[in-house]
Amino acid sequence: MRISSINELENFRESIKKRNGRFKKTISICGKTGCCGGDYESRKSVLENELRKNNLEDEVRLIFSGCQGFCEQGPIMVIKPEGITYCKVEAESIPEIIFETLIKGNIIDSLLYKDPVTGNKFIYEKDIPFYKAQNRIISGQNGLLDPTKIEDYIAIGGYSALSKVLMGISSDWIIDQLRISGLRGRGGGGFPTWRKWDSCRKAENNTKYIICNCDEGDPGAYMDRSLLEGNPHLILEGMIIGAYAIGSHTGYIYVRHEYPLAWENAGIAIEQAREIGILGENILGSGFSFDIEIARGGGAFICGESTALIASLEGRAGEPRDKQHLHTVESGLWDKPTVLNNVETWANVPFIINNGAEWYSSIGTKNSKGTKIFSLVGKVKNTGLVEVPMGTTLREIIYEIGGGTPEGSEFKAVQTGGPSGGCIPKKLIDLPVDFDELTKAGAMMGSGGMIVMDETTCMVDLALYFVKFLKEESCGKCLPCREGLKRMDEILTDIVQGGANGGSIELLEELATVMKDASLCGLGKTAPNSVLSTLEYFRDEYIAHVVEKRCPAGVCIDLIRYSIDPEACTGCGACLRNCPYDAIEGERRKTHKILTDMCQKCGTCIEVCKFDAVKII
Amino acid sequence: MELGIVDSIIEQHGKKTWALISILQDIQKYDGYLSADVLRRVSEKMDIPLTRLYGVATFYKSLNLTPQGRHNITVCAGTACHVRKSDNIIKEITNLLKIKPGETTEDREFTLNVVNCLGACAIGPIVVLDGKYHGKMTASKTKDLLNKFRSQL
């Protein structure tokens, strides 16, 4: 079926809504998404079978959704209209859910979310603390639709922003709305989106390109994956509006190859949009034509940088170029004017067009508007994707939404912004999170990864981790980044191995400053951030490594020793049986002993000991 | 591999340069790596100088120029997995199979890859064995997983 006018789209929307309205209930459950995809097929077949067996097929609508955000408790099932929420739903609990909840109307206590702090149980989605403190404008749509069905997206008002634009609104108006909204790029830099669009629109050329950057390479961040995977039509709608505003007819979505479901779902969405006339020639009969292709990334962190991504699309190695003198909005892909925005940025556009720039700019802080999706991971109870208004404090995110650090551990720092970001210490826990505040604190927004750390994370080891990561990923084009990271790796490795001398910390600082000033692209310039921010807030840990040859967190293996506490050891033999290096001896029911010479400090004994008897000293 | 397959994959993608990485990845699915003959053919068909193509094939991590094992073990070493001790898992696999990250066992049974982030951070550390995700892994769970897998080979 091809829709050839805006009216027809509205009629189509009404017919889908009418069809959906016939169902008495809706079950929305995490589908194939990365975290719980393994048993998707069995969940799906059991659900479908159970509904059929109980003659509920015409009464219950099934939605296999993308990521619903609360990944710690996934797969999540929400039964509407009540909003009853069940956690960790696997195939075996489905028959009971259908019988008890759907047929008899009872709540199954064991599947409810239990707050790890208070022990309280919650029945409804809206009451769960993890969701309650959020404002899920963008990510909330994921639970309402099956990403492989365009009808689901249209039913919740999808492509209505596009209709509004195609009804003859000028590109001036669109760009002005973006300006008033205050939307800034969600990929890391935080550049005002309207400026990019405006410059590109004004660039004189008949060929212009639109690019969606889904090369989400920041380790610890997955909001772009979740959006493109869970709501691809939202991204397409944002891109079509952008193309209309700047006068482009071709767009590309660049997706990491590590996200197969994201490119699969985006591909299905593009096909469906083409079929009904939302992509391709003469979109909705408006005379405007635009189409989108998907390009897969090859596994290079640097390709998240705009000029490197463009080089990659041109079929070359992903090396960035100098942006000071030649802007991509004037000369980008194949030297044509190009607007490149991140997935989350594109996702914001339809909301701004539909609800108005004033509405959007009423959310957030003075210079950072709207909401931001963070991936809250690491040493935190409720891991998952969290969407909050800009300006929400770290404390609210980590404690109110995240539930704090796991039992028995204490919050130490949070790392934001990926490898280019920095570590924020406990004393800044009340920091409001927006573009400027994070930069001021020595970190950055980045794409929104938030990795919580407790006292068992060594900050020197973490800095080394990021330096090693960036050393591997540095494209090698400019010297400060290429050589600087190598030397930083050497100095930091010396420090964690206990071989460093007095001047290492100062040398590290000097090197970091040079890299910041002299590297070619944004990635090189921000590469020393993890070192600089840990040096600023956790200098005493560096000193402990260098001077006292001690790792306070008990992580750096050359500076620690494993030992068995004779008081706690019951002689059960679990460690002895499991040690891969035969480094433990002892008789049954007698205290065991670690042979320091043989011990590789792999951690297996700590993991298997039920009595907490293996200590790190 | 049959060079005819190379030609048809290039045709499927319409010979587009922007799809070069996808083309190389799709070709690689057959043998697990890109041989010199394959690269020469792609260079010819797509009219890309071999030197540049070699540059591309060595730049991107997802492309291999050496034969891979029949089974692929991927360990995620993203930040969230790192702070939850993914290092211990890598060490355990190295100890068990005597291969370091990026290497293949002598019998070409296993290849061990370490990647920077799989985007499933909530369930880290993650081990992917032949495409199947195993979340919340530890060194000893990995040992059990591999031993069980090997006993079924």
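Each chain gets a letter, A, B and so on, in the order the sequences are listed, and its residues count up from 1.
- Enclosure of atom NZ in Lys610(A) is not indicated, since only 12 or fewer non-hydrogen atoms of other residues, nucleotides or ligands lie within 6.0 angstrom.
- Of the listed residues (His257(A), Glu319(A), Glu607(A), Glu258(A)), the one with the most heavy-atom contacts under 4.5 Å to chain B is Glu607(A).
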Worked check of side-chain contact (heavy atoms from CB on, under 4.5 Å) between Arg316(A) and Leu20(B): CA-CA 9 Å; Arg316(A) 294 184 283 120; Leu20(B) 179 61; over 6 Å; no

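- For Ile451(A), the part lying under 4.5 angstrom from a heavy atom of chain B is the side chain only.
- Atom OH of Tyr54(B) sits in a sparse spot, with 12 or fewer heavy atoms from other residues, nucleotides or ligands closer than 6.0 Å.
- More than 12 heavy atoms of other residues, nucleotides or ligands shown are found within 6.0 angstrom of CD on Glu109(B).
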Start with the C-alpha distance between Thr250(A) and Trp18(B), add both sets of side-chain angles, then the distance that settles side-chain contact (heavy atoms from CB on, under 4.5 Å), and finish with yes or no. CA-CA 12 Å; Thr250(A) 311; Trp18(B) 59 262; over 6 Å; no

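- One N or O on the side chain of Tyr60(B) and one on the backbone of Gly318(A) form a donor-acceptor pair closer than 3.5 Å.
- Heavy atoms closer than 4.5 Å to chain B are found nowhere in Ile606(A), neither backbone nor side chain.
- Your options are His82(B), His134(B), Arg52(B), Lys16(B), and the one with the most heavy-atom pairs under 4.5 Å with chain A is His82(B).
- For Ile294(A), the part sitting under 4.5 Å from any heavy atom of chain B is the backbone (N, CA, C, O) and nothing else.
- Contacts between Ala139(B) and chain A at a heavy-atom distance below 4.5 Å involve backbone atoms as well as side-chain atoms.
- Between Asp26(B) and Arg296(A) there is a salt bridge, since a side-chain N of the basic residue sits under 4.0 Å from a carboxylate O of the acidic one.
- Using a 4.5 Å cut-off between heavy atoms, Cys458(A) does not touch chain B at all.
- Neither the backbone nor the side chain of Trp263(A) has a heavy atom closer than 4.5 Å to any heavy atom of chain B.
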Are Ile21(B) and Ser312(A) close enough, and set up right, to give a side-chain contact (heavy atoms from CB on, under 4.5 Å), and what steps lead you there? CA-CA 8 Å; Ile21(B) 297 174; Ser312(A) 180; 3.3 Å; yes

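- The closest donor-acceptor contact from the side chain of Tyr465(A) to the backbone of Val83(B) lies at 3.5 Å or more, if one exists at all.
- Of the listed residues (Lys91(B), Gln25(B), Arg84(B)), the greatest number of heavy-atom pairs within a distance under 4.5 Å of chain A belongs to Gln25(B).
- A donor-acceptor pair is defined here as one N or O able to donate and one able to accept, closer than 3.5 Å; no such pair exists between the side chain of Gln415(A) and the backbone of Thr79(B).
- Heavy-atom pairs under 4.5 Å with chain B peak, among Gly217(A), Gly603(A), Gly297(A), Ala221(A), at Gly297(A).
- With respect to chain B, the highest number of heavy-atom pairs below 4.5 Å among Tyr581(A), Tyr254(A), Phe301(A) belongs to Tyr581(A).
- Look at Lys136(B) and Glu72(A) and you find a salt bridge, because one of the NZ, NE, NH1 or NH2 atoms lies within 4.0 Å of a carboxylate O, short of that distance.
- Of the residues considered (Arg256(A), Gln600(A), Glu216(A)), Arg256(A) shows the highest number of contacts with chain B, using heavy-atom pairs under 4.5 Å.
- For Asp218(A), the part sitting under 4.5 Å from any heavy atom of chain B is the backbone (N, CA, C, O) and nothing else.
- At most 12 non-hydrogen atoms from other residues, nucleotides or ligands lie less than 6.0 angstrom from CG of Asp47(B).
- For the options Gly476(A), Ala295(A), Pro419(A), heavy-atom pairs under 4.5 Å to chain B are most numerous at Ala295(A).
- Across all non-hydrogen atoms, the minimal contact from Ala317(A) to Gly55(B) is CB-O, 4.4 Å.
- Contact between Leu118(B) and Tyr259(A) at its shortest, heavy atoms only, is O-CE2, 3.7 Å.
- Only the side chain of Thr457(A) comes within contact range of chain B, with at least one heavy atom under 4.5 Å from a heavy atom of that chain.
- For the atom pair Cys117(B) SG and Arg225(A) CZ, the distance stands at 9.0 Å (nearest 0.5 Å).
- With a threshold of 4.5 angstrom between heavy atoms, Val555(A) approaches chain B through side-chain atoms but not through N, CA, C or O.
- Glu473(A) and Asn116(B) share a side-chain donor-acceptor pair at under 3.5 Å.
- Ranking Glu92(B), Lys85(B), Met46(B) against chain A, the residue ahead of the rest is Glu92(B), based on heavy-atom pairs under 4.5 Å.
- One distance of note links OG1 of Thr604(A) with CD1 of Ile89(B); it measures 10.0 Å at 0.5 Å rounding.
- Across Gly315(A), Gly378(A), Gly298(A), Gly299(A), the residue that shares the most heavy-atom pairs under 4.5 angstrom with chain B is Gly298(A).
- Annotation for Asn88(B) and Cys602(A): closest pair CG-O, 2.7 Å, computed over non-hydrogen atoms.
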